[in-house]
Structures are given as structure tokens and as C-alpha cells.
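Keep in mind that the numbers below use all heavy atoms, side chains included, and drop hydrogens, waters and symmetry copies.
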Amino acid sequence: MKKTEWTSTTSFILASVGGAVGLANVWKFPSTVGANGGGAFILIYFLAVTFIAAPILIGELMIGRSSGKSPVMACLDAARASNLSSRWRYLGYMGISACFIVLTYYSVIAGWTIDYAIQSFRGHLVGLDAPAAQNAYNAVLADPRRMTLFHTIFMALTALVVSGGLKGGIEKFTNFAMPLFFSLLIGMMIYSAMTGAFSQALHFMFVPDFAKITPMVVLNAIGQAFFSIGIGFCFMMMYGAYMRKETNIPRTSYMIAYSDMLVAVIAGLAIFPMVFLYGLNAGEGAGLIFVTLAVVFGTMDGGQIVGGLFFCLMMFAGLTSSIALLEPVVHHFVDRYGWARKKVTLVTGLIAWSIGLLMIFSYNIMSDFKPLFFISYLADKNLLDLMDFIVTNLILPIGAILICILVGWLISRDIIKVELSFQNNLVARLWNFSIRFVAPIFLLVILVYGLT
């Protein structure tokens, strides 16, 4: 069977950046920057992307392209070619399991962006002060029917794209959605530059205060770099399976990593000027988008339209990521068992949607249900928070560490020679050192830190 490939390297980069960007780059990065000292955090974040996240991304893409199959089969093929145990296939299972688990609640949260876009365009955010915005946000969380509606719409859109396959679905959608996403994002930044406290935002983001660099800031920056690029999910391994052989993996990996970082920085430049203009808190997490910015959009001139466009931008960011999360799960069953893609997409989408209902109920009718109430540091987490904790603090760091071990120490050197085209020996040695020592050591620290 002829291998399915991206039509062009540009399409591959757009899809990969779209898969990596997600909601976290638009709201989590600015709020994390705000809570960790601004420019000092961004400096460490850049170094972490360069020496930790990007080297692992190179490894994931290499494993995917060398096999041309789903993550489970790609890990198995790499192990067989390197005379290793077939148990390495479980690395692929970890990745697609993480994708599926995250999709079940990611769709719920992404559904809020559709809800808020409609609210903004209809003028429901106009005139909101902070208490009213918080009450409006709480009303969303307290209404399971409302959340189910938008969760359903978002999951249906995701499944519709994935059911079309690589060229008829994923590539066609991302080639349309990502340029629109970038246009909206840059438009928001320009608007903020013209109307907000832009010079204050520039100073905050790009003038580092080295006194604010603490071990905690370093760990948070590394963690943000690691998670924002989607390392450990194996969807990059899946997208790598569709890569053309002539595409340079190291160069393309850094293009993806730095593009993802650029999106996060532009998002900060779009959000911080408004936050500073209105004297609001820059480190509020999810509340920065659905509460703080709701107040901003409800107060500014033209905020009804600007806010609606902003939440549409968020929706596109969410869709490109949810598509990347569903694709490895669907392709596994198509690749492994030869099942029809449309049927697999329908079944897996319905299962993810059904589990997503439990995530919705964890905010309202099941809000008192704390699955691990008997473990002190997990006692206050509802079902959605617990699933996020398991994936973020356990599955992804362990999966990434295993990728470092497989690629850095065990995989056949022949695979590396065939798949990677480093332009000089110094870059090759730096990558080898990073994947063997730098990345796994810091990931181990993040793993331990996340469990304490």
C-alpha cells in the first residue's frame, strides 16, 4: 500500500503547529508568564524549547517517519529494527491513551469558546464588571445542558475533519484554519498595540528581571515548553508518519517549535496590553480568558465584535489541537486492524463524547465527587482535574523520558543516519547530548516535582 503523505512541507508545518498550539498557548502561556516574572520566564522558556522540547520533537518525528505507521506500530517497528523488546510498543499505547483522555475533557473546555463567541457577538458581555463576569462564568459551569450542547458541537466538528483522512480532512482544514488563526491573532495584537498599554506589555515580556529567576520559575518555564509543543502525546509521531522522505526533520522540528513559541508570544502581546490598560491581574489562569478578558471586551469600544473574534480564534486553536489528538487514536485502529476510517472515527468520537459528559458533570451535578479523596494532595480534585493531573504529571513526562531513552540510547544508529540530516557535526552532537542527558534529567525533575 502506498504511504499517505502530506501534500507539502508547508501543510505539514501548519498542521503540526496547529496541533501544538491549542488553547494552552493562547491563555495558559500569558497567564503563566504573568505569574512567573515576565521576561525572565520567556528567556528560560526559549532555552527550554531549544535544548529540551525541540530535540525530543526530532526524536518523535524520526520514529514516526521511519515506520510510516501509527505510534504503536511505529514504536514496535523501531524496536524490532534495533533488536529491542516488543514491549516498546507500549510507549505508543501510552501516547494514544493520553491523546484520548485529554480529548474527553479538552472538548468540554473548548466548547466554552464557542459559547463565549456567541455571547460576545450577541452583546451579552457588554457592560460586565468583574463580579458579573465571574457569575456568568459560574453560570456556564453550573449548566450541564448548555455545556453538553457546545461539547457536542465541538466534538462533532473534530470527528468530521478526522473522518476525511489526511488530505480530505486534516490537511484541507488546517490549510484553511491556520492562516485564518494567524490573521486573527496578528489582528488582535495590532488592535492591542493601538488601543492598549502596549509599551508596558513589551517591557514586561522582553525585559528580564533576573532577580525573579527562581528554581520554581525555571521548572515552570521548562514545563510550559514541554507541554506547549505536545511532546509525549505521540501525535507528532503520527504526523511524522505522513512526512515525505526529503523533508529535513531537524530543521522542520525547530521551525515547528519556534512557530509554536511565536504564537504564544504574540498571544501575550495581544492580551497583556488590555490587561495592563484596565489594571487587571495578568496571572489568573483560565479566569484570564473567561472572566478577566470578558470584562475587557465588555468595557471597550467595539468589544462586542473584538471579543467574538477573539473567542473564534480560541475555537480554531482548540480544533486544530483536538484533531491532532483524535487522529492517532483513529489511525491506530485503521492501521492495526484495517477498519474503515469513518466508522472508527464515529465510534471513538462517540466514546470520547460520552466520557466528556462525566467531565461536564464534575462541574455541577457530580461536583462533590472526588475520586481520590483519600490521597491528601488529590483530595480536592474532581474527575476532570484528576484526569488532567494523571496525563500532565504522569503519562506525558514518563512517555517523554522513554522517548529520550529509546532515541538517545537504544535505537539503531542506522535509523538515525537514514532519517536525520544534520547540516554539521556540532548540531548533531548537541542534539545527541540533549536527548541523552539534558532533556531526560529535566523531565525527571518535572515528574518528581509534579507528584509532590
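- In terms of modelled atom types and a separation under 3.5 Å, the side chain of Arg65 and the main chain of Thr247 share a donor-acceptor contact.
- Shown here for Gly64 and Ala74, the closest heavy-atom pair between the two residues is CA-CB, 4.4 Å.
- Shortest non-hydrogen contact noted between Thr104 and His151 is O-CE1, 4.2 Å.
- For the pair Leu443/Ile56, a side-chain contact is recorded, criterion being any heavy-atom separation below 4.5 Å from C-beta on.
- Under a 3.5 Å cut-off, the side chain of Thr320 and the backbone N or O of Ala317 do form a donor-acceptor pair.
- Residues Ser11 and Glu171 have side chains that bring a donor and an acceptor to within less than 3.5 angstrom of each other.
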Yes or no on side chain to side chain contact (heavy atoms under 4.5 Å, CB included) for Leu406 and Leu91, after CA distance, side-chain angles and deciding distance?
CA-CA 10 Å; Leu406 176 61; Leu91 172 58; 4.1 Å; yes
Under the criterion side chain to side chain contact (heavy atoms under 4.5 Å, CB included), I'd like the reasoning laid out for Ile355 against Phe100: C-alpha separation, chi angles, the key distance, then a yes or no.
CA-CA 10 Å; Ile355 297 174; Phe100 185 77; 3.8 Å; yes
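- Taking the six-membered ring for Trp, Phe12 and Tyr242 have ring centres at least 6.0 Å apart.
- Between Met300 and Thr195, the closest side-chain pair of non-hydrogen atoms is not below 4.5 Å.
- The CE atom of Met178 sits 11.5 Å away from the CG atom of Leu319 when rounded to the nearest 0.5 Å.
- At least one donor-acceptor pair under 3.5 Å links the side chain of Asn393 to the backbone N or O of Gly450.
- Counting only N and O atoms by type, the side chains of Thr50 and Tyr258 include a donor and acceptor under 3.5 Å apart.
- Put simply, CG on Asn175 and CG on Leu180 are 12.5 Å apart, with the number rounded to the nearest 0.5 Å.
- Here the shortest heavy-atom pairing between Ser434 and Pro440 reads O-CD, 3.7 Å.
- Put simply, the side chain of Gln224 never gets that close to the backbone of Thr32: no donor and acceptor are under 3.5 Å apart.
- Shown here is Lys245, whose NZ atom has more than 12 heavy atoms of other residues, nucleotides or ligands within 6.0 Å.
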Decide side chain to side chain contact (heavy atoms under 4.5 Å, CB included) for His332 and Tyr93; before the verdict, give the C-alpha distance in whole Å, the side-chain angles of both, and the deciding distance to 0.1 Å.
CA-CA 9 Å; His332 169 70; Tyr93 279 117; 3.9 Å; yes
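- Rounded to the nearest 0.5 Å, atoms CD1 (Ile52) and CG (Leu57) are 14.0 Å apart.
- Side-chain contact between Phe150 and Tyr116 is absent, with no heavy atoms from C-beta onward closer than 4.5 Å.
- At distances below 3.5 Å, at least one donor-acceptor pair connects side-chain atoms of Ser82 with backbone N or O atoms of Ser412.
- Remark: Ile249 CD1 to Ile63 CD1 distance equals 10.0 Å, nearest 0.5 Å.
- Atom CD1 of Ile305 and atom OH of Tyr191 lie 10.5 Å apart (nearest 0.5 Å).
- Taking the six-membered ring where the residue is Trp, the centroids of Tyr239 and Trp6 are separated by under 6.0 Å.
- Put simply, the side chain of Ser321 never gets that close to the backbone of Gly318: no donor and acceptor are under 3.5 Å apart.
- In terms of modelled atom types and a separation under 3.5 Å, the side chain of Asn36 and the main chain of Ala221 share no donor-acceptor contact.
- Side-chain contact between Met62 and Ile416: present, with at least one pair of heavy atoms (C-beta onward) separated by less than 4.5 Å.
- In this structure, CD1 on Ile401 lies 10.5 Å from CD1 on Ile441, to the nearest 0.5 angstrom.
- The number of heavy atoms from other shown groups lying within 6.0 Å of CZ (Arg413) is above 12.
- Separation of the Phe154 and Trp353 ring centroids does not fall under the 6.0 Å cut-off.
- Looking at Leu402 and Met94, their side chains come closer than 4.5 Å, going by heavy atoms from C-beta outward.
- Using a cutoff of 4.0 Å between basic side-chain nitrogens and carboxylate oxygens, Arg341 and Glu327 are scored as salt-bridged.
- When the side-chain contact (heavy atoms from CB on, under 4.5 Å) test is applied to Ser362, the partners found at least two apart in sequence or on another chain are Asn382, Leu383, Leu384.
- The minimum heavy-atom distance linking Gly19 with Ala324 is given by the pair CA-CB, 3.7 Å.
- Remark: Arg436 is positioned above the aromatic ring of Trp409, its terminal NZ or CZ atom under 6.0 angstrom from the ring centre and at most 45 degrees off the axis.
- Heavy atoms of other residues, nucleotides or ligands lying less than 6.0 angstrom from CZ of Phe198 number more than 12.
- With Thr113 contributing its side chain and Ala110 its backbone, the two residues share a donor-acceptor pair below 3.5 Å.
- Inter-residue side-chain proximity for Phe433 and Phe51 is flagged as unmet; no heavy-atom pair is nearer than 4.5 Å.
- Annotation: side chain of Leu326 is not in contact with side chain of Cys99 (no heavy-atom distance under 4.5 Å).
- Of all heavy-atom pairs between Val217 and Lys212, the closest is CG2-O, 3.3 Å.
- In this structure, Trp431 contributes its side chain and Pro55 its backbone to a donor-acceptor pair below 3.5 Å.
- Remark: aromatic rings of Phe29 and Tyr45 are close, center separation under 6.0 Å.
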Applying side chain to side chain contact (heavy atoms under 4.5 Å, CB included), run through Lys381 and Leu372 and close with a yes or a no.
CA-CA 8 Å; Lys381 295 187 181 298; Leu372 296 183; over 6 Å; no
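- Side-chain contact between His331 and Val344 is absent, with no heavy-atom pair separated by less than 4.5 Å.
- Taking the six-membered ring where tryptophan is involved, the planes of Trp112 and Phe290 are perpendicular, since the angle between them exceeds 60° and thus also 30°.
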Exercise answer: donor-acceptor pairs, residues 260-278 side-chain atoms, under 3.5 Å, sequence neighbours excluded:
from	atom 1	to	atom 2	distance (Å)
Asp260	OD1	Asn25	ND2	3.2
Asp260	OD2	Asn25	ND2	3.4
Asp260	OD2	Ser228	OG	3.2

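- Nearest heavy-atom pair across Ala294 and Ala133 is CB-CB, 4.4 Å.
- In terms of modelled atom types and a separation under 3.5 Å, the side chain of Arg244 and the main chain of Thr7 share a donor-acceptor contact.
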